[in-house]
Amino acid sequence: MSVYSKFSRGWCSPERYVQGPNEFDNLKLYTDKFGTRVAAFIDSFLYSAYTERINQIYNDGKHQVQTLVFDTEVTEETIEERTQELLTHKPDVILGIGGGKTIDVAKAVGTKLDTPFIIVPTIAATDAPTSSLSVIYRKDGSHAGEFFYDHSPRILVVDSKIIADAPTRFLVSGMGDALATLIEADSTRKSNTPNLVYHKDGGFRQTLAGRAIAKACYDSLMKYGVQAKIACENHVVTEALENIIETNILLSGLGFENNATSGAHSINDGLTAMENSSKTMHGEKVAFGCIVQLIAECAKTEYLEEVLTFCMSVGLPVCLEDVFVENTDENIRKITQASMHSNWNNMPFEVDEDLVFAAIKTADAYGKAFKEEWIRKKGV
Ligand SMILES: [Zn+2]
């Protein structure tokens with residue numbers, strides 16, 4: 001387990017978290033905690049609009065701000081190049097404004113320069129903003145692994161108006177990622193799997209805080225998921241939407257890092273090996289992974305159907321056709337094999353290819369039948 005002690009519990013989190021409508025306009029307040037030299041990585045399609053906003057915010061003659069467009073994969077080479085670009089500016093603080101890749105590059109460059117980083121997510125599609133890791137790719141776009149850091153973001157600044165204005169599919173996908181938090185935390189608690197706190201050094205046991213957050217994450221989805229989706233479709237901020245933004249970004253992020261992942265994310269990894277993988281988002285694949293994991297662990301029917309009902313209510317995948325995979329033994333075998341390199345070994349029982357194959361096949365049949373019945377009842 002851990003190089004520290006197999007009996008030790010560990011916890012990690014960003015230093016501060018703020019969320020609310022128009023919080024973006026308060027950025028200066030947060031960056032001023034570190035100094036007046038600011039560097040901001042911004043997603044390419046947001047670049048001109050957000051550079052303008054940033055220039056207005058820091059238009060006081062006291063700040064030196066450098067904005068940098070980010071529009072590539074996060075590779076080791078890119079991280080090195082982008083670090084070099086900041087050597088003369090020497091920022092006191094680095095901002096990552098946008099989706100997963102821009103956030104990941106800001107964390108990586110901040111770590112290399114030993115400079116605090118503030119994350120400003122513009123979508124709530126995954127729990128990446130909270131974590132102390134970056135997902136690294138190769139130049140050809142294939143997944144190369146993760147960089148794990150000793151520090152989490154110093155502050156997360158979440159502007160709920162920006163999230164409400166983004167396409168609803170991002171929010172729904174984030175709910176799929178958050179759905180796995182409790183399901184996976186329960187399994188890793190039973191198997192006493194080390195969490196991701198100081199992951200490079202071996203991790204730690206779950207804390208009570210980590211467990212409580214995983215439970216809060218699941219409960220919030222069940223209570224507020226549908227209402228939040230409707231608010232987002234109408235681009236307005238309601239209390240339910242605020243709750244789901246916090247769930248997708250903060251609770252889900254703290255939940256996976258402090259409890260570790262297992263079956264649901266392994267199925268996500270398996271699905272990324274399929275031809276149509278890019279047609280679905282991370283959280284959508286994870287949602288189907290939740291159903292597979294629940295089948296694999298022989299979960300109570302009541303629990304399984306609560307999860308299926310939630311997925312149908314918000315529009316998350318429940319079967320293979322929903323993730324653009326044809327149900328053939330060959331395809332299921334391919335997903336199974338690709339998933340075995342992931343985190344199935346974090347489950348509290350032995351998992352082999354036959355078990356995963358059977359669980360995917362059963363999850364697909366169960367999910368498909370559930371969906372047909374749902375559509376028949378709703379008449380849609
Ligand atoms: Zn995830």
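FYI, side chains are in, hydrogens and waters are out, and symmetry mates aren't considered; it's all heavy atoms of this structure. Residue numbers start at 1 and run along the sequence shown. Ligands are counted one by one from 1 in listed order, and the atoms in each one are counted from 1 as well.
N346 and T188 share no side-chain donor-acceptor pair at under 3.5 Å. With no hydrogens or angles considered, a side-chain donor-acceptor pair links T75 and E77 at under 3.5 Å.
A salt bridge between E73 and K139 is absent, with no side-chain N of the basic residue lying under 4.0 Å from a carboxylate O of the acidic one.
The Zn ion (ligand 1) has no N, O or S atom of D127 under 2.8 Å away, backbone or side chain.
The hydrophobic cluster containing V135 also includes L133, Y137, F148, L196, F256, under a criterion of side-chain heavy atoms closer than 4.5 Å among ILVMFWY residues, counted directly or through chains of members.
Summary: OD1 is the N/O/S atom of D177 found nearest to the Zn ion (ligand 1). In terms of distance to the Zn ion (ligand 1), the nearest N, O or S atom of H282 is named NE2.
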